[in-house]
Peer 1: 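I'd like to ask some things about the structure below.
Letters A, B, ... are given to chains in the order of the sequence lines, protein chains preceding strands, and every chain is numbered from 1.
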There are 2 protein chains.
Amino acid sequence: MSASLPPFPKAGEPSSEPLLLEIASSADEPCLRADAARNRARLLEAAARLVAEHGAAGVTMEAVAAAASVGKGTVFRRFGDRTGLLMALLDHSARQLQAAFLGGPPPLGPGAPPVERLHAFGRAVLRQSSEQLELQLAAQPEPARRFSSPPLRALSGHVTLLLRQAVPDADCVLLAQTLIGYLDPALIHHLTKECGMPLERLEAGWSDLVARVTRTEPPR
Amino acid sequence: MSASLPPFPKAGEPSSEPLLLEIASSADEPCLRADAARNRARLLEAAARLVAEHGAAGVTMEAVAAAASVGKGTVFRRFGDRTGLLMALLDHSARQLQAAFLGGPPPLGPGAPPVERLHAFGRAVLRQSSEQLELQLAAQPEPARRFSSPPLRALSGHVTLLLRQAVPDADCVLLAQTLIGYLDPALIHHLTKECGMPLERLEAGWSDLVARVTRTEPPR
DNA sequence: CAGGCAAACGGACCGCGGTCCAGTTTTCTT
DNA sequence: AAGAAAACTGGACCGCGGTCCGTTTGCCTG
């Protein structure tokens, strides 16, 4: 296991759901030593370059280490494993998106009615994922941990909160996971790249889904 | 790549969606040579034993080969890759389930109204996945191909058909993928093993989801 | 400025998934 | 029955992700 990287105190899992989501683990980097910080930057830059040049598949841990003139062990110490490195590469845009729906302008940010925000949320995620698709796919952790990654937790937490406002008496956690599932990069890839659907259709599908899920009671 | 195993003509992908799903690739094994068939059986048996003894993680290709007194190359020739081997291990119950909803007694099989069948379908899949969970997780292909595996195609195809009957004017393919997403082994694992939810809650969640998704028009 | 120590480094090392191909076995043909 | 083509076999081989541990380096304290 890659557990117990000394410098990452794991942020101590705030026991129960905090009612307001903090800006996701912004206290992530516990003051690296100077050389460590420098190497971290070099590694990220090297990795980004490799992605650009040879695609995500070309991002070999050894290659990254070499390209950054750094030992292989260093890469693992810093990022834990390959997934960690790739996630670090996506971290920037992830935080950006998060900031947008936590504190940005409506309809994505607070201020709009929850259902509106859900619609906007889906569009935003779909757009962002469909760029970056290759990286998003490559960064997927092994199946057993797929839903435990901090960024994903943040997304599903947010959706849960919105759902609680929109359909208070439903099992919003489960509903949220369902919605999040629709935004899974692997699904997006399947539908757009393999089935050839245009992104607009996925967006329409999201809107329809949100509408159906947030309908309060059967017409009957 | 592991493509081009001479003996597997790839079954030629029946171009468009067949209106009636055949019993999923039942013409899979194009008459193996005698010794090959024998080795195949030995390998599956050995693999099953290893799963039972050391868990899915203990199923090393080399270990399986050794346990079956067979060369490593043989394993790969037969099953393509690790995922293929694991899927072969699950094949039996997959076909069983498929037979049940294609031709078994209602409410799972034909005869019941489509929404009824959807409810039963979810319960059946949830139950089956929650046993076998470990194997199901381990058998998961790399993200990019997750939705292309034949068994999964069969499931989502079936759901699509049922949805077309229940909500004819919706984008049933997308809706079906959403529902299938709820039944993803990785999600089941996350919710039951990591969040500690009882299976009953997931079943209730499924019913709620099906109800919401198949509601025809908003109450307004 | 010395010196001590935690943190960071780097590369040898390991195990596993996957490939390859020379040699063997089976099946088909005549 | 014999011989050749096709199919199968096994294990050496490769690359990569991940671990380990002896060595080096930056930082803080006196």
Peer 1: Can you tell whether the side chains of B:Glu53 and B:Arg49 come within less than 4.0 Å, N to carboxylate O?
Peer 2: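 Salt bridge between B:Glu53 and B:Arg49, a charged N being under 4.0 Å from a carboxylate O: yes.
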Peer 1: Side chains of A:Tyr182 and A:Ile188, heavy atoms from C-beta outward: is any pair under 4.5 Å?
Peer 2: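 SC-SC contact between A:Tyr182 and A:Ile188 ruled out.
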Peer 1: Does this structure show an ion pair linking B:Glu142 with B:Arg145, if we count only N-O contacts that are shorter than 4.0 Å?
Peer 2: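 Looking at B:Glu142 and B:Arg145, the cut-off is met.
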Peer 1: Given atom CZ of B:Arg40 and atom C1' of D:dG10, what is their separation to the nearest angstrom?
Peer 2: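 Answer to the nearest Å: 19 Å.
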Peer 1: To the nearest angstrom, how far is A:Asp81 atom CG from D:dC16 atom C1'?
Peer 2: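 From A:Asp81 CG to D:dC16 C1': 13 Å.
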Peer 1: Using atom CG of B:Leu50 as one end and atom C1' of C:dC16 as the other, report the distance to the nearest whole Å.
Peer 2: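 To the nearest whole Å, that distance equals 14 Å.
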Peer 1: Take B:Val59 and B:Ala34, find for each the nucleotide of DNA chain C with the closest heavy atom, and name the residue whose nucleotide sits nearer the 5' end.
Peer 2: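 Result: B:Val59.
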Peer 1: Judged by each residue's nearest nucleotide on DNA chain D, which is more toward the 5′ side, B:Val70 or A:Thr83?
Peer 2: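 By nearest-heavy-atom nucleotide position, the 5'-most residue is B:Val70.
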Peer 1: Please check if any side-chain donor atom of A:Gln140 sits under 3.5 Å from a side-chain acceptor atom of A:Thr83, or the reverse.
Peer 2: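 A:Thr83 and A:Gln140 do not have a side-chain donor-acceptor pair below 3.5 Å.
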Peer 1: What is the distance, to the nearest angstrom, from the CZ atom on A:Phe79 to the P atom on C:dG10?
Peer 2: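 The answer, rounded to whole Å, is 14 Å.
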Peer 1: Write down the distance between CZ (A:Arg42) and C1' (C:dC9), rounded to a whole number of angstrom.
Peer 2: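 Rounded to the whole Å, the gap is 12 Å.
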Peer 1: Does A:Thr74 have a side-chain nitrogen or oxygen under 4.0 Å from the phosphate oxygens OP1 or OP2 of C:dG10?
Peer 2: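 Yes, within the criterion.
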Peer 1: Could you tell me how far apart A:Arg77 (CZ) and C:dA6 (C1') are, to the nearest whole angstrom?
Peer 2: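 Answer to the nearest Å: 10 Å.
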Peer 1: Can you check whether B:Arg33 has a side-chain N or O nearer than 4.0 Å to OP1 or OP2 of C:dT26?
Peer 2: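 Checking C:dT26 against B:Arg33, no side-chain N or O comes under 4.0 Å of OP1 or OP2.
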Peer 1: Salt bridge check, A:Lys72 against A:Glu62: does any charged N sit closer than 4.0 Å to a carboxylate O?
Peer 2: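 Salt bridge between A:Glu62 and A:Lys72, a charged N being under 4.0 Å from a carboxylate O: yes.
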Peer 1: Could you check B:Glu62 against A:Ala57 and say which one's nearest nucleotide on DNA chain D is further toward the 5' end?
Peer 2: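 This one resolves to B:Glu62.
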Peer 1: Compare the minimum distances between each of D:dC8, C:dC16, D:dC16 and the side chain of B:Leu32, then state the nucleotide with the smallest one.
Peer 2: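 The listed nucleotide nearest to B:Leu32's side chain is D:dC8.
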Peer 1: When the distance from NZ of A:Lys72 to P of D:dT19 is rounded to whole Å, what number comes out?
Peer 2: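 Rounded to whole Å, this separation is 11 Å.
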Peer 1: Do any side-chain nitrogens or oxygens of B:Arg78 fall under 4.0 Å of OP1 or OP2 in D:dT9?
Peer 2: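 Result: yes.
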Peer 1: Reckon A:Asn39 has a side-chain N or O less than 4.0 Å from the OP1 or OP2 of C:dC9?
Peer 2: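 So the side-chain polar atoms of A:Asn39 do come within 4.0 Å of the phosphate oxygens OP1 or OP2 of C:dC9, strictly under.
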Peer 1: Can you check the A:Arg82 CZ to D:dT19 P distance for me, whole Å?
Peer 2: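 Roughly 15 Å, once rounded to whole Å.
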Peer 1: Counting only side-chain heavy atoms from C-beta out, which of C:dC9, C:dG17, D:dG17 sits nearest to A:Asp35?
Peer 2: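 That would be C:dC9.
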